[in-house]
Colleague: 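Here it is, the structure in full.
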Amino acid sequence: MTTTVDEVLPYDEALAAFDPVMGLEVHVELGTNTKMFCGCATTFGAEPNTQVCPVCLGLPGALPVVNAMGVESAIRIGLALNCEIATWCRFARKNYFYPDMPKNFQTSQYDEPIAFNGYLDVEVPGEHGEEPWTYRVEIERAHMEEDTGKSLHVGGSTGRIHGAEYSLVDYNRAGIPLIEIVTKPLTGAGERAPQVARAYVAALRDLLKALDVSDVKMEQGSMRCDVNLSLRPKAGEPTSPEQAAVPLGTRSETKNVNSLRSVERAVRFEICRHAAVLSNGGSIVQETRHFHEDTGATTSGRIKSDADDYRYFPEPDLVPVAPSREWVEELRATLPENPAEHRRRLQTEWGYSDLEMRDVLNAGALDLIERTVAAGASAQSARKWWLGEPSRRANTEALELVAYADQVGLTPAYVAELQSMVDAKRLNDKMARQVLEGVLDGEGAPTAVADARGLELVQDDGALEAAVAKVIEGNPDVADKIRDGKVQAAGALIGQVMKEMKGQADAGKARELILSTLGEG
Amino acid sequence: MTNTTTDLTRATAAQLADLLAAGQVSSVEVTQAHLDRTTAVDEQVHAYLHVAGQSALAEAAEIDRRRAAGEPLHRLAGVPIAVKDVMTTVGMPTTCGSKMLEGWIPPYDATVVAQIKAAGLPILGKVNMDEFAMGSSTEHSAYGPTRNPWDLERIPGGSGGGSSAVVASFQAPLATGTDTGGSIRQPAAVTGSVGTKPTYGGVSRYGLVALASSLDQAGPCARTVLDTALLHEVMGGHDPRDSTSIDAPVPAVVEAAQRADIKGMKIGIVKELTGEGYQAGVSARFEESLQLLVDAGAEIVEVSCPNFRYALAAYYLILPSEASSNLAKFDAMRYGLRVPPTGIDHPSAEQVMAASRDAGFGDEVKRRIILGTYALSSGYYDAYYGTAQKVRRLIANDFDRAFETADVLVSPTAPTTAFRLGEQLDDPMAMYLNDVATIPANLAGVPGMSLPSGLADEDGLPTGLQILAPAMQDQSLYSVGAALEAALTDRWGGPLLDRAPDLTAKGA
Amino acid sequence: MAELTRDDVAHLAGLARIDLSEAELDRMVGELGVILTSVAQVQQADTDGIEPMSHPMPITNVTRPDEVRPSLTADEALSGAPESELQRFSVPRILDED
Ligand SMILES: [Zn+2]
């Protein structure tokens with residue numbers, strides 16, 4: 001393969017001349033127990049070719065039967081994306097030859113998707129002081145299909161497909177249910193197109209997670225994104241129907257972009273690359289491209305040609321799917337709150353400012369805080385704890401907060417427990433921070449850490465009274481000032497009392513006691 | 001023993017079942033008798049691609065043991081059967097008559113095969129067919145043609161020529177078949193045997209190597225209407241592994257065959273399936289049969305199905321389209337023949353696929369795959385495949401209207417008697433015309449049966465009569481078939497197949 | 001009806017992954033031409049407003065519960081493989097990712 005380095009135009013220049021038009025195709029592997037058309041298990045990481053049967057191996061004579069949960073999940077996804085649900089639709093065969101596809105056709109849906117005409121409102125976070133922005137992503141369709149097997153490329157260099165001598169195919173993944181969610185052409189995002197793309201994929205991920213239909217792990221490939229991009233010359237809003245009807249530019253299709261960050265980068269790169277080609281009077285080749293995490297660039301894949309004649313036709317081995325309206329409404333009732341609405345509701349309930357809420361979202365702490373509040377902590381304390389040391393350490397280790405908490409064993413229940421110890425005046429703030437550090441260092445639950453480290457506010461009033469008496473006696477002139485009404489002088493005595501108590505006293509209580517002893521209480 | 005049982009291979013399945021139940025013969029004896037017959041005649045007939053003598057005898061012995069132990073057994077338990085090589089069988093090759101699958105031993109049984117095994121019928125072996133069931137003569141088998149027991153220079157029909165010949169040459173009392181456009185009925189017609197294509201969805205397709213999924217239907221082949229019904233009952237029924245399987249009990253076909261009652265029944269003659277294009281002897285026997293049906297109490301009416309004239313054209317678009325997709329899986333990657341292309345060092349998967357498919361498929365298969373690829377390709381879909389699907393609807397509508405005036409429809413099964421081997425091999429269109437009368441049933445999904453109507457005067461070869469019934473009314477086929485069979489047998493003074501040449505007489 | 005040329009047949013054979021020989025191509029152009037002329041008769045039928053029929057029986061909504069059933073063993077799965085290695089199907093080099 002010849003690797004040519006594509007010319008790119010600086011982003012600002014590209015955006016000055018062109019408007020990007022995006023189309024995003026997201027494939028989601030459903031988390032069903034079995035495959036889409038057979039009863040084989042779908043466990044990730046199983047020994048090769050142990051989750052295969054005549055159906056998903058495409059053995060002669062085998063026939064598919066639709067997984068009811070696949071249809072149910074597809075409908076719920078469609079509803080959550082505000083789609084219409086087909087009253088009658090069929091599967092179709094998409095015919096093309098490829099060794100990881102056992103039947104040499106993919107059982108998919110063509111012109112009769114189960115869900116169509118929807119939308120998802122996504123919040124695009126503001127950057128550089130910009131206001132957050134809600135962008136409505138119009139959904140063209142969501143349809144059911146099946147995944148392919150996986151190939152291991154042997155020989156040549158580093159297991160890449162090019163230069164390999166031969167390949168070894170494992171069909172465990174073949175037939176796993178996929179939902180393909182396709183947007184309409186997304187226009188008007190302008191320079192924020194990369195962020196819109198990222199925000200959409202993130203919002204979709206949150207939505208699918210809330211629906212509990214997929215584990216949506218982009219790094220494991222259970223959610224994959226294809227980015228279609230084209231540019232059209234900037235000409236302002238169309239002023240006539242003729243102008244509005246100008247076809248979109250030729251698009252490129254960047255396949256399998258497998259992280260949120262990569263989605264953003266791929267869009268940005270393709271904008272710059274298209275702009276360079278078009279500015280130089282060139283034209284875009286309709287092709288598939290591959291995104292490279294290391295360079296942030298895309299490279300040319302396969303050129304689309306008339307060989308891409310998939311000869312779709314209705315799948316005769318499967319009967320039509322005709323979901324009753326009653327069933328659809330039943331499924332609608334099972335939908336969780338839309339994540340964006342959910343966030344708005346929580347912000348109101350918790351009394352967070354917009355700034356606080358944004359910090360929480362950026363830290364990826366929303367879900368953790370929600371569970372901590374459910375475990376009994378106040379919203380403010382939960383926010384304070386999660387955004388403190390755990391977030392700092394997660395950042396240092398370049399982990400998402402959830403992943404970091406998982407790794408060190410910090411649970412929302414622990415955070416609530418910590419705060420309850422503070423509320424019960426068993427710990428002061430400083431001690432609580434030490435306990436938290438102990439938890440993060442793997443020393444166990446907060447109570448266990450406090451016990452082991454001997455961190456506990458002294459509850460014995462006798463000891464405190466004795467310390468107060470001793471400090472007053474040792475500082476007669478300060479005591480006099482207080483007796484004269486200079487209450488603020490008590491601070492000096494409180495410090496000494498705390499020292500006497502080796503820090504394990506409630507400072508407020510010490511203050512109270514000093515003032516009452518000196519007749520100012 | 002009675003006269004009919006001195007040679008066990010001449011007995012019907014129902015007679016064998018009675019003898020077995022009465023303990024007069026053992027399944028091992030019956031099975032061995034048929035294996036011996038195969039040794040004697042199959043060198044000439046070439047019905048079998050694989051004879052499974054050992055496993056058949058083992059199963060027969062097991063049935064005998066169970067019977068001796070007093071276990072309840074299926075009525076046909078111990079009656080041997082031949083299986084068309086399009087059905088997957090654990091432990092036996094399944095080749096579909098193709099080089100592509102030479103030696104392939106499936107790791108699973110077709111549902112039909114599993115049902116046959118569960119009922120305790122020893123499987124004698126796998127019988128020949130046109131490659132991937134594409135053909136009307138069995139000449140398209142990669143393993144050589146099967147010959148017609150009536151005249152070894154003639155075809156036994158196709159694609160199920162192995163199934164028709166194996167029963168017509170007394171090598172098995174029963175055989176399974178599949179019928180996509182007539183592959184059970186046309187072979188039955190040209191060999192003087194009986195075969196039924198059930199209602200689409202009446203018999204599971206799981207484990208049948210698909211030709212055209214929306215047309216394929218497995219069914220029974222035998223020498224009598226009752227035997228056909230008995231096997232129909234074993235093969236039929238709902239299968240959750242086949243999404244297109246009908247979730248309803250098997251129609252009461254055996255009862256219908258036994259009652260043979262057609263009094264007051266309205267039998268429709270399809271105007272478009274008679275007359276011009278039919279051999280004189282075929283038409284003559286058909287007319288005689290109609291009279292016998294009237295004599296048995298039926299009323300004859302004429303119906304018209306104007307769109308049947310497009311059936312052949314629609315069929316030869318729909319079938320190749322579905323087949324081109326169904327046969328894509330034969331790509332030399334996971335099973336089957338793998339042939340490297342000549343003159344290419346270190347070929348790619350793509351090149352190996354293309355070379356293997358060229359080497360593994362015969363001409364007729366390639367022809368239909370290319371045709372189907374064309375009919376589905378962008379720019380031509382609407383004109384060909386799409387239009388064919390609409391014609392299909394028109395044909396189904398014609399049937400609906402016809403069945404408003406008639407309980408069943410009848411026609412000659414095939415336009416001619418068996419033709420000579422090689423006669424139509426170089427003329428695909430002529431070959432396709434053999435199925436002109438059988439194809440409409442597959443397009444509409446309705447059931448059909450062929451049974452012998454006699455011998456054509458001009459060549460002394462068997463002719464067949466086809467009965468068609470509304471969907472899920474398969475029992476009507478058996479009422480009419482059994483009534484006609486009784487009348488004809490009476491007239492002939494015995495089964496038609498008694499007149500077939502004795503293949504063991506040397507020099508035959 | 002469009003005439004089917006030799007190039008068309010070669011293109012279709014490519015789509016269908018059949019490496020037809022020159023002689024096969026020559027023969028098939030003629031044969032397919034005859035067949036196509038015949039099957040094109042469907043276009044003479046009056047199909048205005050007629051719903052295409054993809055399935056012979058009007059059955060809908062056939063599904064199975066999402067319950068695991070036994071798979072084949074890897075040995076069974078690989079039993080027909082022309083070549084295998086590391087419990088996988090060994091296939092010649094693949095030209096490009098799809
Ligand atoms: Zn499977």
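By convention in this document, chain letters (A, B, ...) are assigned in the order of the sequence lines, proteins followed by strands, and residues within each chain are numbered from 1.
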Colleague: Is P99(A) in contact with chain C via its backbone, its side chain, both, or neither, using a 4.5 Å heavy-atom distance?
Modeller: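 Only the side chain of P99(A) comes within 4.5 Å of chain C.
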Colleague: Could you tell me whether a side-chain N or O of R64(C) sits under 3.5 Å from a main-chain N or O of C38(A), the two making a donor and an acceptor?
Modeller: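 At least one qualifying donor-acceptor pair exists.
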Colleague: Taking atom types as modelled, find out whether T34(A) and D66(C) have a side-chain donor-acceptor pair closer than 3.5 angstrom.
Modeller: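 Yes, because at least one side-chain N or O of T34(A) sits under 3.5 Å from a partner of the opposite role on D66(C).
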Colleague: What part of P314(A) is in contact with chain C, defined as an atom under 4.5 angstrom from a non-hydrogen atom: side chain, backbone, both or neither?
Modeller: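 For P314(A), side-chain heavy atoms alone lie under 4.5 Å from chain C.
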Colleague: Taking all non-hydrogen atoms of both residues into account, name the closest pair between L318(A) and H55(C) and its distance.
Modeller: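 Distance-wise, the nearest heavy atoms are O-NE2, 2.6 Å.
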Colleague: Considering only heavy atoms and a distance below 4.5 Å, find which of Y171(A), F313(A), Y166(A) pairs most often with chain C.
Modeller: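 Of Y171(A), F313(A), Y166(A), Y166(A) has the most heavy-atom pairs under 4.5 Å with chain C.
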Colleague: Just by distance, with hydrogens left out, do S167(A) and R88(C) show a side-chain donor and acceptor under 3.5 Å apart?
Modeller: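 No, no side-chain donor-acceptor pair sits under 3.5 Å.
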Colleague: Are the side chain of N49(A) and the backbone of A74(C) linked by a donor-acceptor contact shorter than 3.5 Å?
Modeller: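 No; judged by distance alone, with no hydrogens or angles, the pair does not exist.
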Colleague: Can you name the closest pair of heavy atoms from L57(A) and A77(C) and give their distance?
Modeller: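 Scanning both residues completely, I find the closest heavy atoms to be CD1-CB, 3.6 Å.
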Colleague: Does the side chain to side chain contact (heavy atoms under 4.5 Å, CB included) test come out yes or no for E47(A) and Q87(C), once each step is laid out?
Modeller: CA-CA 8 Å; E47(A) 287 293 304; Q87(C) 211 169 298; 4.2 Å; yes
Colleague: Please confirm whether the backbone N or O of A322(A) pairs with a side-chain atom of N61(C), one donor and one acceptor, at under 3.5 Å?
Modeller: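 Pair found, side chain donor or acceptor close to backbone of A322(A).
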Colleague: Can you confirm whether E67(C) sits close enough to N33(A) that some side-chain heavy atom of one is under 4.5 Å from a side-chain heavy atom of the other?
Modeller: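 No, side chains not in contact.
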Colleague: Could you give all pairs that pass the salt bridge (charged side-chain N to carboxylate O under 4.0 Å, His left out) test and reach residues 90-109 of chain A, with sequence neighbours left out?
Modeller: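 For residues 90-109 of chain A: R90(A)-E112(A), R93(A)-E315(A), R93(A)-D317(A), K103(A)-E146(A).
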Colleague: If every non-hydrogen atom of F97(A) is compared with every non-hydrogen atom of L15(C), which pair is closest and at what distance?
Modeller: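 That closest heavy-atom pairing would be CE1-O, 3.4 Å.
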Colleague: Considering non-hydrogen atoms only, spot the tightest contact between S71(C) and C40(A) and give its length.
Modeller: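 Smallest heavy-atom distance, with atoms named: OG-SG, 3.2 Å.
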Colleague: Would one find more than 12 heavy atoms of other residues, nucleotides or ligands at under 6.0 Å from atom CG of D212(A)?
Modeller: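 No.
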Colleague: Heavy-atom cut-off 4.5 Å, strictly under: side chain, backbone, both or neither for T42(A) against chain C?
Modeller: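 Neither part.
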Colleague: Please output the residues of residues 16-31 of chain C in contact with chain A, using a heavy-atom cutoff of under 4.5 Å, in numerical order.
Modeller: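 At a heavy-atom separation under 4.5 Å, chain A is reached by A16(C), R17(C).
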